[in-house]
Asker: 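Just passing along the structure, written as C-alpha cells.
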Amino acid sequence: MPKHGKRYRALVGRVDRSKQYSIDEATSLVKDLATAKFDETVEVHFRLGIDPRKSDQNVRGTVSLPHGTGRSVRVAVITRGDNQAAAEAAGADVVGAEDLIERIAGGFMDFDAVVATPDMMAMVGQRLARLLGPRGLLPNPKSGTVGPDVAGMVRGLKAGRIEFRNDKTGVVHAPIGKASFDAGNLSANYQALLTALEAAKPGAAKGVYLRSAYLTSTMGPSIPLTLGSQAQA
C-alpha cells in the first residue's frame, strides 16, 4: 500500500468516517478538500447490489448532466455524405468515413468520444472493435453514440452527457463536475446521475440495489454519502 503524504492525511482528518453526508454537505466539503494546484475532477462511486459476472445484471446507461462535466470533450464522427457537414456544424472535432477509420486503425487517438451512423458500424466493428473496445470508445446504441442524428449526438456529448457502467466489481464510477463548480451545481449533477442509475436497475438484480456511495475529488479523500433507506452494507 502506498503511503499518503502529510497533506492528504490532514484532509482525511476532516472527514467524519462515522457518518454519512447528505449530498449538499458532501459537495461543500469536497470543494474545501480539493487543495491541489489544478481544478480537480469531482467523482462519485456507487457500489451496487448486482452480480457483475451475470450479463443480465450489468448496468449501463447515459445521462446529460445539467451543468456539464467542466471538461472539453473531443468528438470524432464516422459517417458519410451530408451527415459530415451536420457533424461539423454541431462542433465535431474530426469527421470522416473510411478515411477516418483508417486513421484510427493507424494510431490516431486524438479524441474522447466516437460517434457513428448505423451504415458505418459494420466497418467500424471489423476494423476498430479491438482498438476502441478496451478503451470504452467503441460506438454503441446503448451509450448514445450510434444513430442517424449525428448533430444531436455531438451536441449531447459536448454539453456534458456521460456514459456510466459498472466495473467487474459491481462499482459505477462517474464524474459529476469540477471542484471549481458551485456546490449546488455539483449536487444537481449528482441527482441527475442518481436518477439515471436508479432507472437503469436490472430486472434480475435482487435485494438492495444502491449499497453505498462516495464522493471524492482527484487528489482528495472519499466522503461517504447517505442513500436514505437504501444505504445498506
Side-chain angles (χ1 to χ4, degrees), residues 1-50 52 58-73 112 136 159-201 205 207-233:
M1 292 290 288
K3 292 184 178 179
H4 291 295
K6 185 181 297 184
R7 182 197 73 89
Y8 183 87
R9 293 196 301 271
L11 295 176
V12 169
R14 296 175 58 188
V15 179
D16 184 352
R17 310 304 297 183
S18 68
K19 69 173 286 187
Q20 292 177 326
Y21 291 77
S22 71
I23 187 58
D24 291 336
E25 291 174 321
T27 51
S28 293
L29 181 56
V30 79
K31 287 173 57 65
D32 290 340
L33 299 179
T35 60
K37 294 181 180 179
F38 62 93
D39 193 6
E40 299 180 47
T41 297
V42 176
E43 297 182 343
V44 63
H45 307 273
F46 291 97
R47 186 166 67 91
L48 304 181
I50 61 172
N58 282 312
V59 173
R60 183 175 187 176
T62 62
V63 59
S64 294
L65 300 179
H67 302 286
T69 62
R71 63 188 290 259
S72 176
V73 179
D112 304 299
R161 191 183 75 221
I162 62 169
E163 179 184 4
F164 58 86
R165 65 173 75 182
N166 63 272
D167 65 15
K168 62 182 181 180
T169 67
V171 175
V172 167
H173 315 267
I176 60 167
K178 294 288 186 177
S180 60
F181 279 26
D182 178 80
N185 290 349
L186 288 173
S187 294
N189 280 354
Y190 169 84
Q191 294 294 350
L193 173 61
L194 178 61
T195 298
L197 188 60
E198 290 175 329
K201 178 182 178 180
V208 178
Y209 176 53
L210 299 175
R211 291 189 174 272
S212 62
Y214 290 83
L215 193 70
T216 184
S217 62
T218 305
M219 303 295 288
S222 60
I223 303 168
L225 297 175
T226 180
L227 288 169
S229 60
Q230 302 177 92
Q232 298 181 16

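Computed from a predicted model, the values in this text were never measured in an experiment.
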Asker: Would you kindly say whether Asp24 and Ser22 are connected by a side-chain donor-acceptor distance under 3.5 Å?
Answerer: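 No, no side-chain donor-acceptor pair sits under 3.5 Å.
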Asker: Minimum heavy-atom separation for Thr27 and Ser187, please, with both atom names.
Answerer: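 Scanning both residues completely, I find the closest heavy atoms to be OG1-OG, 3.1 Å.
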Asker: Val12 and Pro221: which non-hydrogen atoms are nearest, and at how many Å?
Answerer: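 Scanning both residues completely, I find the closest heavy atoms to be CG2-CB, 3.7 Å.
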Asker: Ignoring hydrogens, what is the shortest heavy-atom contact between Pro66 and Asn189? Give both atom names and the distance.
Answerer: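 Residues Pro66 and Asn189, closest heavy atoms: CD-OD1, 3.1 Å.
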Asker: When rounded to the nearest 0.5 angstrom, what distance separates CG in Asp112 from OG in Ser72?
Answerer: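 Going from CG on Asp112 over to OG on Ser72, the span is 7.5 Å.
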Asker: Report the C-alpha distance between Val42 and Phe181 in whole Å, list the side-chain angles of each, state the deciding distance to 0.1 Å, and finish with yes or no for side chain to side chain contact (heavy atoms under 4.5 Å, CB included).
Answerer: CA-CA 9 Å; Val42 176; Phe181 279 26; over 6 Å; no
Asker: Once rounded to the nearest 0.5 Å, what's the spacing between atom OG of Ser217 and atom CG of Leu186?
Answerer: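 Here the interatomic distance stands at 10.5 Å.
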Asker: Just by modelled atom types, is the Ala179 backbone N or O under 3.5 Å from a matching donor or acceptor in the Glu40 side chain?
Answerer: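 Checked: no pair found.
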Asker: Are Tyr209 and Val59 close enough, and set up right, to give a side chain to side chain contact (heavy atoms under 4.5 Å, CB included), and what steps lead you there?
Answerer: CA-CA 11 Å; Tyr209 176 53; Val59 173; 3.6 Å; yes
Asker: Please report the shortest heavy-atom distance between Ser28 and Ala183, naming the atom on each side.
Answerer: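 So the two residues come closest at OG-CB, 3.9 Å.
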Asker: Examine distances only and state if a side-chain atom of Thr218 and a backbone atom of Thr41 form a donor-acceptor pair shorter than 3.5 Å.
Answerer: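 The answer is yes, because a donor-acceptor pair under 3.5 Å joins these two groups.
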Asker: Check Ile50 against Ala205 and note the closest heavy-atom contact, atom names and distance.
Answerer: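 Distance-wise, the nearest heavy atoms are CG2-CB, 4.1 Å.
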Asker: Can you classify the ring geometry of His45 versus His173 as parallel (below 30°), tilted (30 to 60°) or perpendicular (above 60°)?
Answerer: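 Because their plane-to-plane angle is over 60°, the rings of His45 and His173 count as perpendicular.
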Asker: Is the OH atom of Tyr214 crowded by more than 12 outside heavy atoms at less than 6.0 Å?
Answerer: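 No, the 6.0 Å shell around OH holds no more than 12 heavy atoms from other groups.
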Asker: Tell me, do Val172 and Leu193 make a side-chain contact under 4.5 Å, heavy atoms counted?
Answerer: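 They are not in contact (no side-chain heavy atoms under 4.5 Å apart), so the answer is no.
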Asker: In Å, rounded to the nearest 0.5 Å, how long is the span from NZ of Lys178 to OG1 of Thr69?
Answerer: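 If we round to the nearest 0.5 Å, Lys178:NZ and Thr69:OG1 are 7.5 Å apart.
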Asker: For Thr216 and Val30, what are the C-alpha separation, side-chain angles and deciding distance, and is it a side chain to side chain contact (heavy atoms under 4.5 Å, CB included)?
Answerer: CA-CA 6 Å; Thr216 184; Val30 79; 5.5 Å; no
Asker: Any chance you could measure Leu194, atom CG, to Leu210, atom CG, to the nearest 0.5 Å?
Answerer: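 So the CG of Leu194 and the CG of Leu210 are separated by 6.0 Å.
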Asker: Under 4.5 Å between any side-chain heavy atoms of Val44 and Ile23, yes or no?
Answerer: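 A side-chain contact is absent here, since even the closest heavy-atom pair is not under 4.5 Å.
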Asker: For the atom pair OG1 (Thr35) and CE (Met219), what is the distance rounded to the nearest 0.5 Å?
Answerer: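 Taking OG1 in Thr35 and CE in Met219, the distance rounds to 8.5 Å.
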Asker: So, for Tyr190 and Ile176, which heavy atoms are closest and what is the spacing to 0.1 Å?
Answerer: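 Minimum heavy-atom separation between Tyr190 and Ile176: CB-CD1, 4.0 Å.
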Asker: With no hydrogens and no angle check, is any side-chain donor or acceptor of Lys31 less than 3.5 Å from a backbone partner on Asp182?
Answerer: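 No, the answer is negative, given that no donor and acceptor are paired below the 3.5 Å cut-off.
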Asker: Can you measure from OG (Ser222) to CZ (Arg17) and round to the nearest 0.5 angstrom?
Answerer: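 Going from the OG atom of Ser222 to the CZ atom of Arg17 covers 4.0 Å.
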Asker: So, the side chain of Tyr21 versus the backbone of Val15: is there a donor-acceptor pair under 3.5 Å, distance only?
Answerer: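 No; zero donor-acceptor contacts below 3.5 Å.
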